[in-house]
Amino acid sequence: MKKLKITDKTQCKACLACEVACSEAFYKVFNPELSCIRIEAGNNGEPAPKLCVQCGKCEKACTHGAISKNAKGVYMIDQKKCVQCGDCVAACPFHVMVKTVEPAKVSKCIACGICAKACPMGILEVVED
């Protein structure tokens, strides 16, 4: 299974380069709120990166059959079948799916590695389990 992995959370400096790279790649704007990776503050105030682990809960929540696992184990959204109801977004246990109004779109991490390339600390990588 292909997925994004954090190699060392303690090295995250919350620079948000990963979030900006993701939003720019998929929405053509520099807006961390549109990113499918999140850097939040943990209990101790240190940065706490959150990302999709390809658990499949979004697929189970989608009643329109718009989400399915590809050959590499990555859950993908078929935008032609997606009705932007948001059930998958609500079901995501890591709160890393994005639903926008304009353009009407739901997105999730597809393990593309754009965020990993943007991380100056080098703590993100795409792995095959």
Kindly give the cluster partners of Ile6, where membership spreads through any ILVMFWY side chain lying under 4.5 Å from a current member. Leu4, Ile37, Leu51, Val53, Phe94, Val96, Met121, Ile123, Leu124, Val126
In Å and rounded to the nearest 0.5 Å, what is the CD to SG distance from Gln11 to Cys119? 10.0 Å
Side-chain heavy atoms of Lys69 within contact of Val74, under 4.5 Å: no
Whether Ser35 side chain and Cys22 backbone form a donor-acceptor pair below 3.5 Å: no
side-chain hydrogen bond (donor to acceptor under 3.5 Å, both in side chains) partners of residues 93-106, not counting sequence neighbours, each pair once: none
Looking at Ala17 and Ala118, what are the two nearest heavy atoms and their distance? CB-O, 3.6 Å
Quick check: closest heavy atoms across Cys115 and Cys18, and the distance to 0.1 Å? CB-CB, 3.7 Å
Take atom CG in Asn44; do more than 12 heavy atoms of anything else shown fall under 6.0 Å from it? yes
Using side-chain heavy atoms (C-beta onward) and a distance below 4.5 Å, is Pro47 in contact with Lys13? no
Hey, what do you get for CD1 (Ile67) to SG (Cys62), rounding to the nearest 0.5 Å? 4.5 Å
Looking only at side-chain N and O atoms, does Tyr27 offer a donor or acceptor that is under 3.5 Å from a partner on Ser107? yes
Is any side-chain heavy atom of Glu125 less than 4.5 Å from a side-chain heavy atom of Thr7? yes
Any side-chain heavy atom of Cys112 within less than 4.5 Å of one from Phe26? yes
Evaluate Val106 against Val98 for side-chain contact (heavy atoms from CB on, under 4.5 Å), listing each step before the verdict. CA-CA 6 Å; Val106 174; Val98 176; over 6 Å; no
Quick one: side-chain hydrogen bond (donor to acceptor under 3.5 Å, both in side chains) pairs with a partner in residues 70-87, sequence neighbours left out? none
Taken in chain and number order and not counting sequence neighbours, the residues that satisfy side-chain hydrogen bond (donor to acceptor under 3.5 Å, both in side chains) with Asp8 are Thr10
Without swapping roles, check the side chain of Arg38 against the backbone of Glu33 for a donor-acceptor pair under 3.5 Å. yes
Hey, what else clusters with Leu16 if you join Ile, Leu, Val, Met, Phe, Trp, Tyr whenever side-chain heavy atoms sit under 4.5 Å? Ile39
Contact check, side chains of Pro49 and Cys12, non-hydrogen atoms, under 4.5 Å: yes
Keeping to residues at least two apart or across chains, list the side-chain hydrogen bond (donor to acceptor under 3.5 Å, both in side chains) pairs with something in residues 48-64. Glu40-Lys50, Gln54-Lys108
